[in-house]
2 protein chains.
Amino acid sequence: MTGKTAAEARRTSIGAQRNPASQDAILQAAEEILVENGLGSFSIEAVARRAHAGKPTIYRWWPNRAILLLDVYHRQKYVDIAPDTGTIETDIFQLLSGLFEFWSAGHGGAVFRSVIAEAQTDPAACKAVAAYMADRYRQGGEIFRRAKARGDVADWVVPELAMEIITSFAWKRLLTDRLDMTPEELRLVVRHLVHGFEVT
Amino acid sequence: MTGKTAAEARRTSIGAQRNPASQDAILQAAEEILVENGLGSFSIEAVARRAHAGKPTIYRWWPNRAILLLDVYHRQKYVDIAPDTGTIETDIFQLLSGLFEFWSAGHGGAVFRSVIAEAQTDPAACKAVAAYMADRYRQGGEIFRRAKARGDVADWVVPELAMEIITSFAWKRLLTDRLDMTPEELRLVVRHLVHGFEVT
DNA sequence: ATCTATAGAAACGGCCCGTTTCGATTGATG
DNA sequence: CATCAATCGAAACGGGCCGTTTCTATAGAT
């Protein structure tokens with residue numbers, strides 16, 4: 001027992017097994033760097049410094065930047081992707097509203113932006129993101145399956161594709177730094193999505 | 001006159017003015033690197049080597065990576081963003097189809113992906129991309145203004161917003177490397193966009 | 001003829017890459 | 001209880017790119 005605080009104390013091996021304290025410190029340091037200084041300042045060296053960890057420790061468990069980024073992102077716990085409010089329109093409003101709030105209020109937005117950017121460099125990360133999104137569409141498609149059962153949504157609508165269209169808009173707003181939408185603006189977007197453009 | 005070919009010949013100053021040959025060589029080298037090896041291999045040093053240019057020459061005219069990338073992108077000439085086929089549905093189909101073709105067949109896709117990724121690191125580049133897109137929406141909104149005049153599109157539809165929703169889908173497909181769509185799949189997407197999800 | 005801004009080459013200190021080496025730690029094994 | 005094995009953080013490696021500075025050569029403008 002030294003006089004150092006927990007943050008200053010040097011972590012060491014706990015035997016021939018992974019040290020959860022190091023794992024946490026590394027992931028948290030990585031998240032902090034992303035949120036405070038962005039992907040530009042994100043490097044394994046910087047994470048190691050901030051976490052008081054050795055570079056080999058990081059490389060041992062996260063073979064590259066992209067995997068570390070994905071791990072940071074998956075720690076962010078996310079809002080309900082399939083709210084059930086009774087109407088398709090308010091379901092989608094709730095979904096987008098929650099997503100925008102999650103991205104702008106907390107750390108989720110900064111982290112996810114970084115993941116998407118990294119995916120443009122790393123093909124494996126790109127596939128991982130695409131697979132993750134496909135899973136999201138499957139989950140969120142529940143909104144449309146319920147709505148179909150109620151008779152509120154047309155038969156030919158493909159739940160997963162509709163979800164992709166909806167979240168695509170959210171992506172673009174995130175990537176162009178335009179998450180600040182009023183409820184009225186967001187309602188207008190939802191109207192375009194739900195009613196389409198045609199005169200009915 | 002040396003025995004060297006044009007590619008090998010060393011360019012030099014043409015006086016106290018910018019040398020267009022150097023400018024072209026640099027932009028072309030930058031594009032080639034992006035297309036062949038991706039943003040990961042894109043560095044000022046690499047561009048300078050490939051273009052047989054001095055780094056100071058690059059830094060003099062393009063203060064940073066992002067500006068050079070944007071310049072490369074703007075050289076790519078783009079498809080018609082506002083086709084006029086007579087119906088809103090085929091207009092949008094044409095637009096998306098042309099965009100996907102432009103992105104996957106030529107160099108446009110690889111370059112634009114890189115620009116978007118860079119924008120996640122560089123706030124100035126992010127604003128530039130957002131402004132560029134806003135301009136695109138204004139141009140492409142013409143599709144909806146024409147359709148409104150024909151009475152094919154509802155009054156409450158905001159042309160720019162509708163365009164943003166449409167191109168958002170294209171962005172997501174580009175960024176997740178899923179540009180390979182059959183005409184049938186694309187038609188289905190367009191139907192979701194135009195008709196919306198609701199039963200009519 | 002002189003001035004001036006350009007061109008490319010080379011080298012600078014600094015940072016990060018991914019890897020290797022090292023001594024210390026501690027659970028698992030026999 | 002002694003040994004083994006895998007982990008930990010620290011430090012250092014050669015290599016690459018950063019953005020800048022210094023250099024010589026070039027050729028239009030004055």
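The chains referred to below are lettered A, B, ... by the order of the sequence lines, with proteins before strands, and numbering in each begins at 1.
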Asks: Please give me the minimum heavy-atom distance between A:Gly141 and A:Met163, naming the atom from each residue.
Replies: N-CG, 3.5 Å

Asks: Testing A:Thr87, A:Ile92, A:Ile88 one by one against A:Thr90 for a side chain to side chain contact (heavy atoms under 4.5 Å, CB included), which residue passes?
Replies: A:Thr87

Asks: Between A:Arg178 and A:Glu185, is there a salt bridge with N-O shorter than 4.0 Å?
Replies: no

Asks: Just how far, in rounded Å, is C1' of C:dA9 from NE2 of B:His52?
Replies: 13 Å

Asks: Please lay out, stage by stage, how B:Thr167 and A:Lys172 fare under the test side chain to side chain contact (heavy atoms under 4.5 Å, CB included).
Replies: CA-CA 9 Å; B:Thr167 54; A:Lys172 177 121 88 175; 2.7 Å; yes

Asks: How are the rings of B:Trp156 and A:His192 set to each other: parallel, tilted or perpendicular (split at 30° and 60°)?
Replies: perpendicular

Asks: Please step through side chain to side chain contact (heavy atoms under 4.5 Å, CB included) for the pair B:Phe42 and B:Leu68, ending with a clear verdict.
Replies: CA-CA 11 Å; B:Phe42 186 85; B:Leu68 178 54; 3.8 Å; yes

Asks: In a check of salt bridge (charged side-chain N to carboxylate O under 4.0 Å, His left out) between A:Glu160 and each of A:Arg138, A:Arg136, A:Arg145, which one passes?
Replies: A:Arg145

Asks: Consider the side chain of B:Ala53, meaning its heavy atoms from C-beta on, and name the nucleotide among C:dT21, C:dG18, C:dG8 that approaches it most closely.
Replies: C:dG8

Asks: Could you tell me which non-hydrogen atom of A:Val129 sits nearest to which non-hydrogen atom of A:Ala119, and how far apart they are?
Replies: CG2-CB, 4.2 Å

Asks: Is B:Trp61 near enough to C:dA7 that one of its side-chain N or O atoms lies under 4.0 angstrom from OP1 or OP2?
Replies: yes

Asks: Going 5' to 3' on DNA chain D, which nucleotide is the first and which the last to come under 4.0 Å of a heavy atom in chain B?
Replies: D:dC17 to D:dG28

Asks: At less than 4.0 Å, is any side-chain N or O atom of B:Arg11 found next to OP1 or OP2 of C:dG8? Yes or no.
Replies: yes

Asks: Could you identify which residues of residues 33-46 of chain B place a heavy atom less than 4.0 Å from some atom of DNA chain D, listed by residue number, or say none?
Replies: B:Ser43, B:Ile44, B:Glu45

Asks: What's the verdict on side chain to side chain contact (heavy atoms under 4.5 Å, CB included) for A:Leu96 and A:Met181, showing C-alpha distance, side-chain angles and the deciding distance?
Replies: CA-CA 10 Å; A:Leu96 283 178; A:Met181 295 189 75; over 6 Å; no

Asks: Going by an N to O cut-off under 4.0 Å, is there a salt bridge joining B:Glu89 and B:Arg191?
Replies: no

Asks: Can you tell me if B:Arg49 touches the phosphate of C:dA9, counting only side-chain N or O atoms and a distance under 4.0 Å to OP1 or OP2?
Replies: no

Asks: Going only through I, L, V, M, F, W and Y residues with side-chain contacts under 4.5 Å, is there a path from B:Ile14 to B:Leu27?
Replies: no

Asks: Just how far, in rounded Å, is C1' of C:dT20 from CD1 of A:Ile58?
Replies: 17 Å

Asks: Could you run through nucleotides 25-30 of chain C and give me one letter per nucleotide, 5' to 3': B if any protein heavy atom sits under 4.0 Å from the base, S if only the sugar-phosphate is that close, - if neither?
Replies: BBS---

